[in-house]
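Structure record follows, encoded as structure tokens.
The chain is numbered in sequence order, starting from 1.
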Amino acid sequence: MLQTPRGGAGAGTAATDGVLMSIGTVLNALRDEFPDVTISKIRFLESEGLIEPQRTPSGYRKFSVRDVERLGHVLRMQRDHYLPLKVIREHLEAMERGEAAPLPTVGRQRDGEPALELSDGPTVARIGRTELLAAAGIGERELEEWESYGLVVPIEDGVYDAEAATVAALVAELGRYGIEPRHLRVMKTAADREAGLVDQVVAPLRRHRNPQTRAHAEARTKELAGLAVRLHAALVQTALGVRLP
């Protein structure tokens, strides 16, 4: 949570926080909590007006401690609450004005378009197409290509599971290394097979008459999914002969 209201960027922020950091230092500071964050993502959030780092005379970005706190708060709201950037910006501005604004969450209207609610409870993990594009920092052309390969699949017209934003961001990041969407079909196929294996295990629990048993099926699904992800990561690292931090 953002601990102190942030004024405008510039000399005032620097004077308050003292220490200024390069974008690389900020990236390292954030990666423990946000392993998928990239320099491109930070620059994108800056271009959207979510953060305003200072600039040196030669044009390099310099971030204060408050800038990093604000950036972490933005990333947390995207990750945990699936909020579009416009809503995040409005929420932060309300906090800066000293208003105790409740945290918005993304819900759904009957027509399938995302609707904003004010709630302290869990969010509905659905986002609209516009929000997905903004969260991943991509355009319509990229999304259409990824959909054609089955990497990102809408739940219904214009509505996506919030996890699609994570998938899109990872596909975009791999693309910066020259790995194209067509190369990722093998990963999608493997993921579908792993999901099918998990589903076979929990299917009897889901069909059970006892509501508690059916609820247990969801917990078991999450547990098995987590184990499958860890196993997949370990197998990839073993095949490559590397160990990730």
Side-chain angles (χ1 to χ4, degrees), residues 1-9 13 17 19-54 61-96 101-107 114 116-139 142-143 152 160-177 226 229 244-245:
M1 184 66 66
L2 196 64
Q3 297 177 348
T4 54
R6 181 181 185 274
T13 302
D17 299 328
V19 179
L20 293 177
M21 293 167 274
S22 68
I23 194 169
T25 301
V26 171
L27 186 66
N28 290 333
L30 292 169
R31 270 190 166 160
D32 282 346
E33 183 177 357
F34 308 100
D36 298 330
V37 70
T38 63
I39 287 178
S40 297
K41 175 71 170 181
I42 295 173
R43 289 172 176 166
F44 171 71
L45 293 175
E46 179 190 357
S47 70
E48 293 294 313
L50 274 301
I51 52 173
E52 299 176 17
Q54 297 180 63
R61 296 171 177 83
K62 290 294 181 180
F63 297 78
S64 69
V65 173
R66 286 187 182 179
D67 289 326
V68 179
E69 288 178 351
R70 182 183 175 93
L71 183 56
H73 194 51
V74 170
L75 293 172
R76 213 166 285 117
M77 284 197 286
Q78 279 193 307
R79 181 195 65 194
D80 299 341
H81 301 282
Y82 317 109
L83 296 175
L85 296 182
K86 178 182 178 182
V87 177
I88 293 176
R89 186 186 304 108
E90 292 172 351
H91 181 68
L92 292 175
E93 289 173 352
M95 290 180 64
E96 290 167 1
L103 186 64
T105 63
V106 177
L116 293 177
E117 303 171 349
L118 296 179
S119 172
D120 295 325
T123 61
V124 179
R126 306 283 175 96
I127 59 175
R129 190 176 185 87
T130 301
E131 286 71 31
L132 176 61
L133 293 171
I138 59 174
E142 290 98 330
L143 183 55
V152 179
Y160 299 80
D161 187 290
E163 193 63 26
T166 300
V167 173
L170 291 172
V171 172
E173 187 65 17
L174 287 168
R176 297 185 182 97
Y177 291 90
V229 169
L244 299 178

Query - CG on N28 to CD1 on I23, rounded to 0.5 Å - result: 11.0 Å

Report task. Apply the test salt bridge (charged side-chain N to carboxylate O under 4.0 Å, His left out) to residues R43 and E46: give CA-CA distance (whole Å), side-chain angles for both, the deciding distance (0.1 Å), then the verdict. Result -> CA-CA 5 Å; R43 289 172 176 166; E46 179 190 357; over 6 Å; no

Query raised in the report: Do the non-hydrogen side-chain atoms of Q54 and R61 ever get within less than 4.5 Å of each other?
Result: no

Requested in this report: Write down the atom of A165, the atom of I127, and the distance for their closest heavy-atom approach.
Outcome: CB-CD1, 4.0 Å

Query - Verdict with reasoning, L75 to L45, per side-chain contact (heavy atoms from CB on, under 4.5 Å) - result: CA-CA 9 Å; L75 293 172; L45 293 175; 3.9 Å; yes

Query raised in the report: Is the shortest heavy-atom distance from the side chain of Y160 to the side chain of V152 under 4.5 Å?
Result: yes

Requested in this report: Give a yes or no answer on whether the side chain of E142 reaches the backbone of G139 with a donor-acceptor pair at less than 3.5 Å.
Outcome: yes

Query raised in the report: Just by distance, with hydrogens left out, do D67 and S64 show a side-chain donor and acceptor under 3.5 Å apart?
Result: yes

Query - Straight-line distance of L50 CG to F44 CZ, nearest 0.5 Å - result: 8.5 Å

Report task. Can you measure from CZ (F34) to NZ (K41) and round to the nearest 0.5 angstrom? Result -> 10.5 Å

Requested in this report: Rounded to the nearest 0.5 Å, what's the gap from CZ on R66 to CD on E52? Could you check?
Outcome: 13.5 Å

Requested in this report: Measure across I138 and A168 and return the closest heavy-atom pair with its distance rounded to 0.1 Å.
Outcome: CD1-CB, 4.4 Å

Query raised in the report: Just how far is it from atom CG of L92 to atom CD1 of I51, taken to the nearest 0.5 Å?
Result: 11.0 Å

Query - Distance, nearest 0.5 Å, that separates OG of S40 from CZ of R176 - result: 4.0 Å

Query raised in the report: Under a 4.5 Å cut-off applied to non-hydrogen side-chain atoms, are L143 and R129 in contact?
Result: yes

Query raised in the report: Considering only heavy atoms from C-beta outward, does the side chain of R31 approach that of V37 to under 4.5 Å?
Result: yes

